[in-house]
Amino acid sequence: MKNTESPERVMSRLEKIVAYAGALGELKYRHTLIEEEIKQIEFTIRSGRSGLSKKRKAGRTTESAVVAVHREYRRSIQEHNNHLSRTRFLLQVEFEQIGRLKDEMQAQLGETVELLEKSAYGVARPLRRPNPYVFPVRS
């Protein structure tokens with residue numbers, strides 16, 4: 001099978017492969033970052049540690065101030081939980097989008113590598129070199 005493509009085309013495909021692999025690596029890294037962020041948000045929501053210092057402050061005030069502080073504390077906790085839930089939702093959407101993009105990029109990279117292997121079949125054969133660890137037998 002003769003190769004019909006020039007070495008320049010083969011090199012441009014190789015450059016494409018390198019670019020795709022770099023982009024794929026970045027997507028995988030972002031994917032793991034978002035996954036960790038989602039886990040941290042879920043932990044924060046479950047643990048309810050968002051306002052412990054306000055509870056301590058409320059213990060040191062008078063009775064009427066305690067009611068006002070408690071009301072404010074509950075409102076701020078609710079806002080904070082709403083914010084965390086919204087952030088988690090947005091991160092989940094981004095996580096899914098990056099997952100799809102990562103899969104598409106991996107498929108495209110595979111197709112490009114396959115095309116390059118088919119086109120470079122006759123161009124880049126390895127040179128035959130003697131094995132340095134095997135000594136030739138002389139008669």
Side-chain angles (χ1 to χ4, degrees):
M1 174 182 219
K2 285 282 186 180
N3 182 20
T4 58
E5 293 194 38
S6 67
E8 292 84 20
R9 255 184 110 166
V10 171
M11 286 305 293
S12 71
R13 285 211 175 109
L14 279 173
E15 289 170 359
K16 248 190 206 181
I17 288 172
V18 169
Y20 287 158
L24 183 62
E26 290 174 15
L27 286 173
K28 286 181 179 181
Y29 177 71
R30 178 72 180 142
H31 201 255
T32 57
L33 285 179
I34 290 174
E35 189 174 36
E36 292 300 317
E37 217 171 321
I38 289 173
K39 287 178 185 175
Q40 184 62 38
I41 287 175
E42 287 175 345
F43 175 75
T44 303
I45 289 174
R46 275 191 302 242
S47 66
R49 295 183 184 182
S50 53
L52 289 179
S53 63
K54 289 184 182 180
K55 279 185 178 180
R56 291 185 190 132
K57 287 178 188 176
R60 291 185 238 136
T61 58
T62 62
E63 188 65 32
S64 61
V66 168
V67 173
V69 168
H70 187 66
R71 187 179 325 116
E72 180 62 27
Y73 168 74
R74 290 185 72 170
R75 188 188 61 75
S76 69
I77 293 294
Q78 185 64 37
E79 285 178 10
H80 187 65
N81 279 343
N82 289 344
H83 173 72
L84 287 176
S85 296
R86 178 69 180 155
T87 303
R88 184 193 179 289
F89 171 76
L90 293 174
L91 284 172
Q92 187 69 35
V93 168
E94 186 178 359
F95 182 79
E96 290 168 1
Q97 288 174 344
I98 287 178
R100 285 192 298 272
L101 188 58
K102 184 179 74 167
D103 293 342
E104 289 175 21
M105 185 68 75
Q106 212 157 5
Q108 194 171 14
L109 180 62
E111 289 173 8
T112 308
V113 167
E114 186 179 320
L115 184 62
L116 181 65
E117 286 173 347
K118 285 180 182 176
S119 66
Y121 176 69
V123 173
R125 291 188 189 149
L127 296 174
R128 295 195 47 108
R129 295 184 183 156
N131 188 343
Y133 301 107
V134 177
F135 298 109
V137 177
R138 292 185 181 166
S139 335

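- The CD atom of Glu15 sits 5.5 Å away from atom CE of Met11, with the distance rounded to the nearest 0.5 Å.
- Side-chain contact between Gln78 and Arg74: absent, with no pair of heavy atoms (C-beta onward) separated by less than 4.5 Å.
- The CZ atom of Phe95 sits 15.0 Å away from atom CG of Leu90, with the distance rounded to the nearest 0.5 Å.
- One distance of note links CD1 of Ile17 with CG of Leu24; it measures 12.5 Å at 0.5 Å rounding.
- Here the NZ atom belonging to Lys28 is positioned 13.5 Å from the CD1 atom belonging to Ile98, to the nearest 0.5 angstrom.
- Residues that satisfy the salt bridge (charged side-chain N to carboxylate O under 4.0 Å, His left out) test with Lys39, not counting sequence neighbours, are Glu36.
- Side-chain contact between Ile34 and Arg30 is present, with at least one heavy-atom pair separated by less than 4.5 Å.
- Here the OH atom belonging to Tyr73 is positioned 10.5 Å from the NE2 atom belonging to His80, to the nearest 0.5 angstrom.
- In the hydrophobic cluster analysis, where Ile, Leu, Val, Met, Phe, Trp and Tyr join through side-chain heavy atoms closer than 4.5 angstrom, Leu14 is grouped together with Met105.
- Grouping the Ile, Leu, Val, Met, Phe, Trp and Tyr side chains by contacts below 4.5 angstrom, directly or via other members, places Leu33 apart from Phe43.
- To the nearest 0.5 Å, the span separating CG on Leu84 from CD on Gln40 amounts to 10.0 Å.
- Within the 4.5 Å cutoff, the side chain of Gln108 has no heavy atoms near those of the Lys16 side chain.
- Residues Gln92 and Phe89 are not in side-chain contact: their nearest non-hydrogen atoms beyond the backbone lie 4.5 Å or more apart.
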